Amino acid sequence: MDKIASPNKTKEIIQEYQFKFSKSLGQNFLIDKNILEKIVQAAEITEEDYVIEIGPGIGSLTQHIADKCRKIVAVEIDKHLLPILAKTLVEYDNIEVIHGDVLKVDLHKLIQDRFQGQKVKVIGNLPYYVTTPIVMKLLEEKVPISSMTIMIQQEVAQRMEAKPSTKDYGALSIAVQYYCQPKILLKVPPTVFIPQPKVSSTIIRLDILERPRVYVENEKLFFRIIKDAFGKRRKTLLNALSTGTLKLNKDLVKEALTTADIDGNRRGETLSIQEFAKLANILAEKM
């Protein structure tokens, strides 16, 4: 079957199946062949690669991935798209479509069953409303993947890549950078989608680190400290940590900050991931 990534072909398929876009699922289909090719190029797909695609839609990106990889499993939440995918992908023998919510799918089992437990690459045009939950599920559950090349809302991509002391830097920046090396690759305008979203999108690649960027003795404590530090951005670090969810004793916080050589009057947004790790490890010993 010819490639379906064009406005006319996409509209033809939508009309043929009387498909209705779901706002609740955040559905926007790509209609630009060049953008699809750039996503696949950015993911550096080879003929030996196994791929999981999140949200194949009508299969536009799926076709381009399948041309390059060994095998792809596409996870689609909308059952109304399954008959469309059965038709648009019929000529490919290296694609398997699974009906399910990627947030509920056991990805470890999927990878073991379909790919013999080998590391996979994840690609997807992610719905804006579930971008962060999907990314964090893959990272926190330590799913065996080597990279994620995903299309997401521009503002979220900027937050993932942000550095300390910038307006976009926050808890998401640290969470992503703890596990990955993020790299923004390309800004994508709303005009290459049907229907057109109200915001710009960005292709970002997240290369999974072999081990977390910093060593922490207690990951749960590390991330709770970060959450408290950014919970009220105007508060100093000393006040944020002593009045946050951890309810830490103020003298204990002051002592830990002194030991870590961190000024308690600084705000969380100025701390590097290394400084947060140092502080978390000191608190872990004192608590």
Side-chain angles (χ1 to χ4, degrees), residues 3 30 36-77 81-82 85-86 88-127 130-152 157 160-161 175-186 203-215 219:
K3 293 292 188 289
L30 276 162
L36 295 172
E37 290 177 348
K38 286 179 179 178
I39 294 173
V40 176
Q41 289 170 4
E44 298 182 357
I45 301 297
T46 72
E47 60 185 15
E48 296 301 316
D49 281 329
Y50 294 113
V51 176
I52 291 176
E53 183 190 8
I54 300 172
I58 61 173
S60 304
L61 177 57
T62 320
Q63 290 182 334
H64 287 262
I65 298 170
D67 286 339
K68 299 288 185 181
C69 75
R70 185 172 182 178
K71 182 178 180 180
I72 173 174
V73 171
V75 182
E76 176 54 58
I77 192 173
L81 288 168
L82 300 182
L85 289 165
T88 60
L89 305 177
V90 66
E91 295 179 6
Y92 293 87
D93 61 5
N94 62 338
I95 300 174
E96 179 182 357
V97 176
I98 293 177
H99 177 222
D101 181 349
V102 73
L103 288 173
K104 298 177 181 177
V105 171
D106 184 340
L107 294 174
H108 285 276
K109 186 175 188 303
L110 186 155
I111 291 171
Q112 185 61 47
D113 292 348
R114 268 62 172 204
F115 306 126
Q116 297 77 53
Q118 296 191 46
K119 281 191 175 182
V120 304
K121 293 180 177 178
V122 171
I123 301 180
N125 173 22
L126 301 188
V130 286
T131 294
T132 299
I134 289 173
V135 169
M136 293 315 300
K137 170 191 168 78
L138 292 166
L139 297 178
E140 291 174 348
E141 293 184 4
K142 296 178 172 57
V143 177
I145 60 178
S146 57
S147 67
M148 285 183 254
T149 305
I150 50 180
M151 176 99 69
I152 62 177
M160 289 182 176
E161 197 190 45
V176 169
Q177 292 170 34
Y178 177 75
Y179 295 106
C180 310
Q181 179 61 49
K183 184 178 181 182
I184 288 177
L185 302 171
L186 182 69
I203 300 170
I204 187 171
R205 175 166 158 164
L206 307 175
D207 286 312
I208 313 303
L209 302 172
E210 287 190 14
R211 61 182 62 86
R213 189 174 299 276
V214 290
Y215 169 75
E219 278 191 1

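Because the structure is a prediction, the values reported are computed rather than measured.
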Within a radius of less than 6.0 Å around CD of Q116, do more than 12 heavy atoms belonging to other residues, nucleotides or ligands occur? yes

Carefully, step by step, assess L209 and Y178 under the rule side-chain contact (heavy atoms from CB on, under 4.5 Å). CA-CA 8 Å; L209 302 172; Y178 177 75; over 6 Å; no

So which heavy atom on I150 is nearest to which on V135, and how close? CD1-CG2, 3.8 Å

Neighbour count >12 (heavy atoms, 6.0 Å) for atom NZ, K71: yes

Are K3 and D67 close enough for a salt bridge, meaning some N to O gap below 4.0 Å? yes

Go through H64 and E37 one step at a time and tell me if the side-chain contact (heavy atoms from CB on, under 4.5 Å) criterion holds. CA-CA 7 Å; H64 287 262; E37 290 177 348; 3.7 Å; yes

Are there over 12 heavy-atom neighbours, none belonging to K137, within less than 6.0 Å of that residue's NZ? yes

For I204 and P182 the tightest heavy-atom approach is CD1-CB, 4.2 Å

Can you find a side-chain donor-acceptor pair between R70 and Y50 that sits under 3.5 Å? yes

Looking at every non-hydrogen atom in both residues, tell me the closest pair between T149 and A42 and how far apart they are. CG2-CB, 4.0 Å

From L107 atom CG to Q112 atom CD, the distance as rounded to the nearest 0.5 Å: 13.0 Å

Any idea which heavy atoms bring S147 and R205 closest together, and the distance? CB-NE, 4.3 Å

Evaluate the side-chain contact (heavy atoms from CB on, under 4.5 Å) criterion for residues L139 and I208: first the C-alpha distance (whole Å), next the side-chain angles of each, then the deciding distance (0.1 Å), finally the verdict. CA-CA 8 Å; L139 297 178; I208 313 303; 3.7 Å; yes

Closest heavy-atom pair, E76 versus P56, reported as atoms and distance to 0.1 Å, is OE1-CD, 3.2 Å

Nearest heavy-atom neighbours spanning D49 and C69: O-CB, 3.5 Å

Could you tell me whether the side chain of I39 reaches within less than 4.5 Å of the side chain of M151, counting heavy atoms only? yes

Quick test of your reading of the model: are K142 and E219 salt-bridged, counting only N-O distances below 4.0 Å? yes

Test I72 against I52 for side-chain contact (heavy atoms from CB on, under 4.5 Å), laying out the working first. CA-CA 6 Å; I72 173 174; I52 291 176; over 6 Å; no

I need the E44 CD to S146 OG distance, nearest 0.5 Å. 10.0 Å

Salt bridge (charged side-chain N to carboxylate O under 4.0 Å, His left out) for E96 and R114? Distances and angles first, verdict last. CA-CA 9 Å; E96 179 182 357; R114 268 62 172 204; 2.9 Å; yes

